[in-house]
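The first residue of the sequence shown is numbered 1, and numbering continues consecutively from there.
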Amino acid sequence: MIYTLMNKNAELFDMEMINGNIYKTENVREENKKLLPVFLMDLKNDRIDVGNVIKWWRSRRILASRDGINKLFFNLGNISLDALSEKSLGLSLSDQYWLKPSKNIKWKDINFFQNDFSEDIGNLLITGDWSGGSLISPDNSSDGAVKKRWKIIGGERYLIKGSSDPFYQTEPFREVFASKISELLFQNASNDFTVKYNLIWDDNNKTGKKVYSSCKNFVTVDTEYVPFTHFREIESTSYKCEHFEFCKKIYGEYQYILDLLLILDYIILNEDRHFGNFGMIRNANTGEFIKPAPVFDTGSSLFHNSVIIDCKIVRSKPFVKDFEEQIKLVKVSEYQENILAVK
């Protein structure tokens, strides 16, 4: 099948895909290069490397390590995760990229920001229940290892997340608590840089009473989220302090937000601030970076998976593995002291 990779209504390049496997790319649209995914912008001879496209495509779909993934394979007949993403044309609620199979299909009619979508896959991923249904879902293009699903509530798109521990169910509580701390820490910043989380409960006959965290999507119909894993410079070196300087450069005038992020993670002992869990908001229409993404995904904190309260057993990310060493990267200027003046 030949698709055109699109960014909303803009054509980017053509690609051949069979059962989710990408074999060929061609016809890069010169006039729309600025709208390419950040991960694919390193062009050589005006060609896009197929291997890089495969890496990017797989970074946008369900992880093979997702909790409960075996039930998905069993119920869907062992369909590959790449092919499952293809079923919904790669549409996502994190960006505006999609696969266009014909000229008759228009983005405005199929995108998940403005149109309803099936919750069948989300229900399967969360509960394991499947009695047949539609595969057209943004859940096909959501990464991460913890159980999660997208749901439309009051016309808004919400992400519902579970816990890696089915008994203690610690992460949702940590997520909500950490978001409250974040709101206090970031309250003097010039923009809303905190994703607000709430707890929701579900009493299912098969899975029992479960608690989840929920948050409204911070990506809009005109923006995309670009994690730092999509910046190729992150791959080019293992020197973590160099990564820190690179991230500061990308943050530009918002460098203080990165400092506040490290301060937050130090306070809550967040163990999972990997390069996919923070990044930039990009204008999907112009390709320009707007501002840092708000703080999200902080459930892996406050000894979430341990019965031993010992700071020595937890490890920080992404720049230094030791919290005490990583916090030393923060340089508090007079301007930042004003930002940190929590009321």
Side-chain angles (χ1 to χ4, degrees), residues 4-13 15 25 27-44 46-49 52-53 55-57 59-60 90-100 106-108 110-114 138 141-143 157 186 189-195 216-236 242-261 275-297 318 335 339:
T4 299
L5 182 69
M6 308 286 293
N7 185 342
K8 296 184 71 173
N9 299 306
E11 297 183 357
L12 302 181
F13 60 88
M15 55 194 287
T25 63
N27 298 330
V28 177
R29 308 310 197 260
E30 181 73 27
E31 67 276 14
N32 292 328
K33 282 184 178 180
K34 64 180 180 180
L35 299 179
L36 283 168
V38 169
F39 190 78
L40 302 180
M41 282 188 161
D42 185 20
L43 299 181
K44 294 181 178 179
D46 292 329
R47 298 186 65 84
I48 295 180
D49 181 74
N52 289 335
V53 178
K55 287 181 182 179
W56 171 76
W57 178 257
S59 74
R60 299 175 70 256
L91 288 162
S92 170
L93 280 170
S94 297
D95 59 40
Q96 315 298 337
Y97 300 106
W98 61 287
L99 303 173
K100 187 173 184 176
K106 299 184 182 300
W107 182 82
K108 69 179 180 64
I110 62 172
N111 75 83
F112 295 138
F113 293 89
Q114 299 171 310
S141 300
S142 64
D143 62 358
R157 277 61 180 158
F186 285 76
S190 56
N191 285 275
D192 185 1
F193 286 111
T194 297
V195 172
K216 188 163 67 173
N217 190 11
F218 60 80
V219 176
T220 72
V221 72
D222 290 312
T223 63
E224 67 169 291
Y225 167 60
V226 184
F228 273 105
T229 50
H230 286 196
F231 289 89
R232 302 295 293 281
E233 288 84 349
I234 294 297
E235 291 186 341
S236 65
E242 188 172 323
H243 288 164
F244 179 70
E245 294 301 322
F246 171 76
C247 292
K248 284 178 62 178
K249 181 179 179 181
I250 297 298
Y251 270 43
E253 64 179 298
Y254 293 105
Q255 290 183 13
Y256 68 94
I257 295 298
L258 181 58
D259 287 341
L260 289 175
L261 185 64
F275 286 109
N277 274 353
F278 70 113
M280 299 295 294
I281 298 297
R282 188 182 182 210
N283 188 314
N285 303 304
T286 66
E288 298 175 323
F289 291 117
I290 302 173
K291 63 179 181 178
V295 179
F296 69 99
D297 209 351
Y335 173 63
I339 292 294

Notebook entry, point to check: Under the 3.5 angstrom rule, does the side chain of Asn7 hit a backbone N or O of Leu35 as a donor-acceptor pair?
Noted result: yes
Next item on the list: Give the intermediate values and the outcome of salt bridge (charged side-chain N to carboxylate O under 4.0 Å, His left out) for residues Asp259 and Lys248.
Entry: CA-CA 9 Å; Asp259 287 341; Lys248 284 178 62 178; 5.8 Å; no
Check: In Å, rounded to the nearest 0.5 Å, how long is the span from NZ of Lys34 to CG of Leu12?
Finding: 12.0 Å
Note to self: For Asp95, give me all partners under side chain to side chain contact (heavy atoms under 4.5 Å, CB included), at least two apart in sequence or on another chain.
What the structure shows: Arg60, Ser92, Tyr97, Glu224
Next item on the list: Quick one: list whatever passes side chain to side chain contact (heavy atoms under 4.5 Å, CB included) with Asp49, sequence neighbours left out.
Entry: Asn52
Checklist line | Non-hydrogen atoms of Ile48 and Leu36 that approach each other most closely | finding: CD1-CD2, 3.9 Å
Next item on the list: Report the distance from atom CG of Leu40 to atom CH2 of Trp57, rounding to the nearest 0.5 Å.
Entry: 12.0 Å
Note to self: For a quick test of reading the model, state the closest non-hydrogen atom pair linking Met15 to Val53 and the distance between them.
What the structure shows: CE-CG1, 4.1 Å
Next item on the list: Sequence neighbours left out, what passes side-chain hydrogen bond (donor to acceptor under 3.5 Å, both in side chains) with Asn111? Give chain and number order.
Entry: Gln114
Checklist line | Contacts of type side chain to side chain contact (heavy atoms under 4.5 Å, CB included), residue Glu288, not counting sequence neighbours | finding: Thr286
Checklist line | Axial cation check for Phe13 ring with Arg29, 6.0 Å and 45° limits | finding: no
Check: When rounded to the nearest 0.5 angstrom, what distance separates CG in Asn32 from CG in Leu5?
Finding: 11.0 Å
Notebook entry, point to check: Could you state the interatomic distance from CZ (Arg157) to CZ (Phe112), rounded to the nearest 0.5 Å?
Noted result: 10.0 Å
Notebook entry, point to check: Looking at Phe296 versus Tyr225, is the centre-to-centre ring distance below 6.0 Å?
Noted result: yes
Item checked: Gap between atom CD1 of Ile257 and atom CZ of Phe193 - 0.5 Å precision -> 4.0 Å
Next item on the list: Check Val195 against Phe218 and note the closest heavy-atom contact, atom names and distance.
Entry: CG2-CD2, 3.6 Å
Next item on the list: Please report the closest heavy-atom contact between Gln96 and Val219, naming both atoms and the distance.
Entry: NE2-CG1, 4.3 Å
Item checked: By salt bridge (charged side-chain N to carboxylate O under 4.0 Å, His left out) - contacts of Lys33 (at least two apart) -> Glu30, Asp46
Next item on the list: State the NZ-NZ distance between Lys106 and Lys100, to the nearest 0.5 angstrom.
Entry: 6.0 Å
Checklist line | Closest contact, heavy atoms only, Ser59 versus Trp56 | finding: OG-O, 2.6 Å
Next item on the list: Would you please indicate if the ring centroids of Phe231 and Phe228 are separated by under 6.0 Å?
Entry: yes
Note to self: So, applying side chain to side chain contact (heavy atoms under 4.5 Å, CB included) with Phe113, which one of Asp222, Thr220, Asn217 is it?
What the structure shows: Asn217
Check: Of all heavy-atom pairs between Cys247 and Phe275, which one has the smallest distance, and what is that distance?
Finding: SG-CE2, 4.2 Å
Item checked: Check: Phe39 and Lys55 side chains under 4.5 Å, non-hydrogen atoms -> yes
Note to self: Among residues at least two apart in sequence or on other chains, which ones pass side chain to side chain contact (heavy atoms under 4.5 Å, CB included) with Ile290?
What the structure shows: Thr223, Ile281, Asn283
Margin query: Treating Trp98 as the side-chain partner and Lys8 as the backbone partner, does any N or O pair qualify as donor plus acceptor under 3.5 Å?
Written below: yes
Notebook entry, point to check: Can you check whether Tyr251 reaches Met280 side chain to side chain, under 4.5 Å on heavy atoms?
Noted result: yes
Notebook entry, point to check: So do the side chains of Phe289 and Val38 get within less than 4.5 Å of each other, counting heavy atoms only?
Noted result: yes
